[in-house]
There are 2 protein chains.
Amino acid sequence: MKRKITLKHIARELEVSISTVSKALKNSAEISDDTKQKVQAFAKLYNYRPNNLAISLKSRRTNNIGVIIPDIVHYFFTTVFRGIEQYSKKHGYNVIACVSDESLEKEIVNMEMLANGSVDGFIMALSAETQKTKDFDHLRQIKDLEIPLVLFDRITDEVECDKVLINDKEAAFTAVRKFIDNGRKRIALITTEDYFSVSQGREAGYRQAHESCGLAIDEDLILRLSFRDLDEGDINAFFDARDVDAVLCVNEIFAAHSMNLVQQKGVKVPEEMEFIGFTDGILSKYAKPGLTSMAQHGFKMGEIAAKMLIDRVESNLGEEEEPYRTEIIKSTLVERGSTLNTIPAKLV
Amino acid sequence: MKRKITLKHIARELEVSISTVSKALKNSAEISDDTKQKVQAFAKLYNYRPNNLAISLKSRRTNNIGVIIPDIVHYFFTTVFRGIEQYSKKHGYNVIACVSDESLEKEIVNMEMLANGSVDGFIMALSAETQKTKDFDHLRQIKDLEIPLVLFDRITDEVECDKVLINDKEAAFTAVRKFIDNGRKRIALITTEDYFSVSQGREAGYRQAHESCGLAIDEDLILRLSFRDLDEGDINAFFDARDVDAVLCVNEIFAAHSMNLVQQKGVKVPEEMEFIGFTDGILSKYAKPGLTSMAQHGFKMGEIAAKMLIDRVESNLGEEEEPYRTEIIKSTLVERGSTLNTIPAKLV
DNA sequence: AAACATCACGAAAACGTTTTCGTGTTAATA
DNA sequence: TATTAACACGAAAACGTTTTCGTGATGTTT
């Protein structure tokens, strides 16, 4: 890499001091118009740009945000990331993106790499392993260093910080109520292992909806799949052995996949079996039939998370600490062809 | 943010000099075992971590890579990103991710933000606007600064640098030949506006496959869609007015979408019409029927791009410049239910 | 003419490292 | 005992900024 032009070069060339150059470029009143013009012209000519590292070192602010997500291939995380990136960029911050790959260790390594001056704060969704083992020491360390932290979606109550999530419980409630309103009685839930905070919330909503209608819950209708490799056999076996007339899935992959499998067996969707997924992503849109879905509004979630973090970073300079906040984004029902009595005209 | 512990603190506390502390922590032979032990123990106790910014400023190396992609919501870019991130992390680099949103201006702004010391090099795929306007000044500026640059997928011949792409032409050729081998004669091509480098390559392959079989090309069978908003009307009108028995699409969204639309009209896939898409992503996997696809191996592409960049960054210190390289990743055909004579047993 | 302001600029410290070079102390050699 | 080598460490410069404070040269007021 070529050596970039610095204040020192300009100073030497123009036979003034470094301080003068620095001030002239900032239009300081201390410097005469004459000198300012000369310096600015020279700087422009040689396309001078201040070195970010030096500024950061001096100011103890990097204008970088660390984002750690379990997985970037999934639509939901991607959209959140997009929201974070856009809001951050608009406010002069760059985003350093790390993927924890659902591993606690990678989460820790990533945090440590960034926590030593590379970043002004973190936005993250916890990895599966972190949620499973409930090991939050690394988060506490970040807090001890007084580095701002925002958790989204996959959160924990054991760490105090700003948080953004959707109303998982209510969303699942809404979905199941829709099934019940449509006359369904044998409603399956396809979910993950139960240590995920979101799955817990959604399962709670599933149960509450049943209770609110006096419908008994058949525990046998709850299928827990590994998030890593969803095995077709498991799903097929589940449906073969049970009488099911509606299915709520905690993500769109489970939904699209199981919907495909039952259709392959000749089950008619939505007439004989209705489906609702979570995450109104690209799969839901292009599934056949279109998948009714609880939209998570990832983009907005990302924007809000970024706003919370940046506000925190910038207020940190100022007055006393503000209390931590938890923002809830309302999930909304997007109706498509996998449920009945929905869009009257054409089923997308 | 709390003030982190520094060499100076340790030095003061232990009544030695900063240099001694620095050397002791690096296990320098200059320092007595006694002092080393003391310093290291103290550093460990107070959890000392060197400040990345200071090191970067000194060494003129950030260990950050700037990645600029047009869009992160699309499966292909996401996978490439994943490959970049994983390889980089493994080699001690962090990734700063920027989304150009298909806009030339955002591409420029992002580059300029990062080019002033935030990053050791860039990996990017050109935005739509950049490919359209052929304005590459920002890339040349980066080259002038001698900041390494790797282009992938969406490239240009007008800038010399390392590049990674798939064999677009051959891939399309393969796909179309498969149609022809299956007895298809009216093969449509659904592509984008023609300024995309990848679409150009794929169209060339489409044409060449026809020629190689003495099949005339009906220009009327080529549909060019805007990449921004794909209008159902356009697609429906296209199929209504034409006799088509096979469709090659330059991406999986076009493929999934048009396949859904023709099926809605009662066309049987694959019997009456076969489909092949590009990007073997999640949509291809869960479409109904499963979408036969030219896999782009994004993850591998990302890994290679990262390797090329890091090699360049690290060799930059050393001897004379190596010549620029262009790596071609072979696309492979993944057969599913949207084409005939494929997987004999069960059609996924 | 003396006292004071204002102006325009420079010196230097600071941010937190790394690294080169010098130096005082001790031990080994002649 | 005088010379040298090895050892263990410190001073200081450097990376590229920002910012405080000091100061000499003018211009303005009594």
Side-chain angles (χ1 to χ4, degrees), chain A residues 1-40 42-43 46-64 113-120 145 317, chain B residues 1-40 42-43 46-64 115-120 145 317:
Chain A
M1 271 221 263
K2 205 189 236 170
R3 227 25 182 277
K4 288 202 62 180
I5 186 169
T6 74
L7 292 184
K8 197 193 280 192
H9 297 139
I10 304 185
R12 198 173 294 154
E13 212 64 28
L14 264 41
E15 297 185 309
V16 292
S17 75
I18 295 183
S19 348
T20 303
V21 177
S22 175
K23 289 170 193 164
L25 289 175
K26 302 192 126 52
N27 254 316
S28 158
E30 266 184 272
I31 306 296
S32 71
D33 288 348
D34 227 44
T35 325
K36 275 190 215 170
Q37 300 232 330
K38 238 182 290 179
V39 172
Q40 290 175 6
F42 190 93
Y46 286 93
N47 198 25
Y48 168 78
R49 296 272 178 261
N51 180 311
N52 291 333
L53 288 174
I55 295 183
S56 292
L57 179 60
K58 186 99 227 303
S59 64
R60 263 183 244 97
R61 286 275 305 282
T62 63
N63 280 267
N64 286 158
M113 266 188 96
L114 297 185
N116 304 113
S118 299
V119 126
D120 294 334
L145 291 171
L317 315 171
Chain B
M1 268 218 267
K2 206 188 238 170
R3 235 8 193 282
K4 289 203 64 180
I5 187 170
T6 72
L7 293 182
K8 197 195 281 189
H9 295 139
I10 304 184
R12 198 175 294 154
E13 212 65 28
L14 264 43
E15 297 183 309
V16 292
S17 76
I18 294 181
S19 348
T20 304
V21 178
S22 175
K23 290 170 192 162
L25 291 175
K26 303 192 122 52
N27 254 317
S28 157
E30 268 183 88
I31 306 296
S32 71
D33 288 347
D34 226 42
T35 327
K36 275 192 216 172
Q37 300 232 332
K38 239 182 288 179
V39 172
Q40 289 175 5
F42 191 94
Y46 286 93
N47 199 25
Y48 167 79
R49 297 272 177 263
N51 180 311
N52 291 333
L53 288 174
I55 296 181
S56 292
L57 180 60
K58 187 98 226 307
S59 63
R60 265 184 242 95
R61 286 274 307 280
T62 63
N63 281 266
N64 285 157
N116 304 114
S118 298
V119 126
D120 293 334
L145 290 170
L317 315 171

Using every non-hydrogen atom in the two residues, find where [X] and [Y] come nearest and quote the distance to one decimal.
{"X": "A:S118", "Y": "B:N52", "result": "OG-ND2, 2.9 Å"}
{"X": "B:S22", "Y": "B:L7", "result": "CB-CD1, 3.9 Å"}
{"X": "B:V16", "Y": "B:V21", "result": "CG2-CG2, 3.7 Å"}
{"X": "A:S28", "Y": "A:K36", "result": "O-CE, 2.9 Å"}
{"X": "A:L53", "Y": "B:L53", "result": "CD2-CD2, 3.7 Å"}

Indicate, with a heavy-atom threshold strictly under 4.0 Å, whether A:S22 touches base, sugar-phosphate, or nothing. base
Round to the nearest Å and state the distance from B:L14 atom CG to D:dA8 atom P.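 Distance check: B:L14 CG to D:dA8 P gives 17 Å.
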To the nearest angstrom, the NZ-C1' distance between B:K26 and D:dC9 comes to 17 Å
Would you kindly compare A:I31 and B:K23 by the position of their nearest DNA chain C nucleotide and give the one closer to the 5′ end?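 Taking each residue's closest nucleotide, the earlier one in sequence belongs to A:I31.
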Give the residues of residues 49-58 of chain B touching DNA chain C, defined as any heavy atom closer than 4.0 Å, sorted by residue number. B:R49, B:P50, B:N51, B:A54, B:I55, B:K58
Rounded to the nearest 0.5 Å, how far does [atom2] of [Y] lie from [atom1] of [X]?
{"X": "B:Y48", "Y": "A:N116", "atom1": "OH", "atom2": "CG", "value": "9.0 Å"}
{"X": "B:N51", "Y": "B:I5", "atom1": "CG", "atom2": "CD1", "value": "13.0 Å"}
{"X": "B:I10", "Y": "B:L25", "atom1": "CD1", "atom2": "CG", "value": "5.5 Å"}
{"X": "A:I18", "Y": "A:R12", "atom1": "CD1", "atom2": "CZ", "value": "8.0 Å"}
{"X": "A:I31", "Y": "A:Q40", "atom1": "CD1", "atom2": "CD", "value": "10.5 Å"}

Measure the angle between the two terminal helix axes of the helix from C:dA1-D:dT30 to C:dA30-D:dT1, five base pairs each, and quote it to 10°.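 Roughly 70°, once rounded to the nearest ten degrees.
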Do side-chain atoms of A:K4 reach the backbone of B:L145 as a donor and acceptor pair under 3.5 angstrom?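 No; zero donor-acceptor contacts below 3.5 Å.
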Hey, which sits more toward the 5' end of DNA chain D by its nearest nucleotide, B:S59 or A:S19?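 This one resolves to B:S59.
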Judged by nearest nucleotide, the residue sitting upstream toward the 5' end of DNA chain D, A:I18 or A:K8, is A:K8
Where chain B begins and ends its contact with DNA chain C, read 5' to 3' at 4.0 Å from heavy atoms: C:dC15 to C:dC21
